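Just below is one structure, and these are the notes that go with it.
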Amino acid sequence: MRWLNGGPGTRAGTEAYFRQCMEQWVTGGPLRAFGVRVGTQAALAGTIDLRFEMLGLASGQVNIAYGLYPAWRGRGLATHAVNLVCQYATAQGATQAVIQVDPENPASAAVAHRWGFTYATQLPDADGTRFDWYIRDI
């Protein structure tokens, strides 16, 4: 739970996030949120989002953030989802993708490595939490 935006969500917070995501799609804002779905029932396995504007991103960079529910981890779904959103980001004009990883989350770093991202630096976010930055041209 520590890598899910600081901990468990609330119903009100989740509803606000969904409203923000819908607004971003409608207005062409910098956030693009996707569900990761699998199987014939199209079960929701997790989420992945792109941020085309964010503190620390250079022109042409897009930030990728992903998370899978525990039952779906270890199946290559995050790696496949990163591939798909990189294709989308390229079509939207991005030239480089960034994945920020908590240094204590080796599973997330492994996803970045499998898709060819390389470690670039470690930087703090707005609240001072340090993240390893993995970067790849797309």
Side-chain angles (χ1 to χ4, degrees):
M1 294 300 291
R2 69 179 178 256
W3 294 302
L4 284 176
N5 299 317
T10 63
R11 181 179 178 100
T14 301
E15 289 173 351
Y17 179 71
F18 272 84
R19 282 192 300 276
Q20 177 194 14
C21 291
M22 289 186 295
E23 179 183 304
Q24 291 290 299
W25 277 103
V26 169
T27 63
L31 170 65
R32 297 289 181 278
F34 300 89
V36 177
R37 300 178 349 166
V38 295
T40 58
Q41 300 288 326
L44 184 63
T47 61
I48 187 165
D49 68 57
L50 299 172
R51 291 187 187 268
F52 288 89
E53 294 174 13
M54 197 170 97
L55 183 65
L57 290 182
S59 178
Q61 287 184 324
V62 60
N63 188 77
I64 301 173
Y66 45 83
L68 293 177
Y69 303 122
W72 296 102
R73 294 179 187 152
R75 302 178 188 204
L77 296 173
T79 304
H80 183 63
V82 167
N83 176 26
L84 293 173
V85 297
C86 282
Q87 292 176 37
Y88 176 85
T90 299
Q92 299 302 307
T95 57
Q96 198 170 59
V98 174
I99 296 176
Q100 297 181 53
V101 177
D102 184 305
E104 296 182 26
N105 187 349
S108 191
V111 170
H113 285 294
R114 278 192 297 275
W115 191 238
F117 285 73
T118 57
Y119 176 82
T121 190
Q122 187 180 85
L123 296 171
D125 71 359
D127 72 0
T129 304
R130 299 193 73 75
F131 287 94
D132 292 337
W133 280 46
Y134 294 85
I135 298 176
R136 180 179 185 273
D137 291 339
I138 56 174

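The model shown is predicted, which means the values in this text are computed figures rather than measured ones. Because only heavy atoms are used, hydrogens play no part in the values below, and waters and symmetry mates are left out as well, while side chains stay in.
The backbone N or O of Asp125 lies less than 3.5 Å from no partner atom in the side chain of Thr129, so there is not a single donor-acceptor pair. The closest donor-acceptor contact from the side chain of Trp25 to the backbone of Ala33 lies under 3.5 Å.
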Please list every donor-acceptor pair under 3.5 Å in which a side-chain atom of residues 44-52 meets a protein atom from a residue at least two apart or in another chain.
residue : atom : partner : partner atom : Å
Asp49   : OD2  : Tyr17   : OH           : 3.4

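Thr118 OG1 to Arg136 CZ: the interatomic distance, rounded to the nearest 0.5 Å, is 10.0 Å. Note that the CD atom of Gln61 and the CG atom of Asp137 stand 9.5 Å from one another [nearest 0.5 Å]. In this structure, OG1 in Thr79 is found 11.5 Å from NE2 in His113, a value given to the nearest 0.5 Å. One distance of note links CD1 of Ile135 with CD of Gln100; it measures 9.5 Å at 0.5 Å rounding. If you take CE on Met22 and CD on Gln24, they are separated by 12.0 Å, rounding to the nearest 0.5 Å. Put simply, CG on Leu31 and CD on Glu53 are 11.0 Å apart, with the number rounded to the nearest 0.5 Å.
Under the 4.5 Å side-chain heavy-atom criterion for Ile, Leu, Val, Met, Phe, Trp and Tyr, Val85 and Val98 are members of distinct hydrophobic clusters. In the hydrophobic clustering of this structure, Val36 groups with Tyr69; members are Ile, Leu, Val, Met, Phe, Trp, Tyr whose side-chain heavy atoms approach within less than 4.5 Å, directly or through other members. If you chain together hydrophobic residues whose side chains sit under 4.5 Å apart, Leu123 and Leu57 fall into the same group.
Closest of all the heavy-atom pairs between Pro106 and Glu104 is CD-O, 3.2 Å. Taking every heavy atom of both residues into account, Gln122 and Tyr119 meet most closely at N-OH, 3.2 Å. Smallest separation of non-hydrogen atoms from Ala94 and Val62: CB-CG1, 3.9 Å. The two residues Asn83 and Trp115 come nearest to each other via the heavy atoms OD1-CZ2, 3.0 Å.
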Let me see the working for Tyr66 and Leu68 under side-chain contact (heavy atoms from CB on, under 4.5 Å), right down to the final yes or no.
CA-CA 7 Å; Tyr66 45 83; Leu68 293 177; over 6 Å; no
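Counting non-hydrogen atoms of neighbouring residues, nucleotides and ligands closer than 6.0 angstrom, the CZ atom of Arg114 exceeds 12 such neighbours.
The salt bridge (charged side-chain N to carboxylate O under 4.0 Å, His left out) search around Arg11 returns Glu15, not counting sequence neighbours.
In this structure the side chain of Phe117 reaches within 4.5 angstrom of the side chain of Ile64, judged on heavy atoms. Residues Asp102 and Phe131 have side chains in contact (heavy-atom distance under 4.5 Å, counting atoms from C-beta outward).
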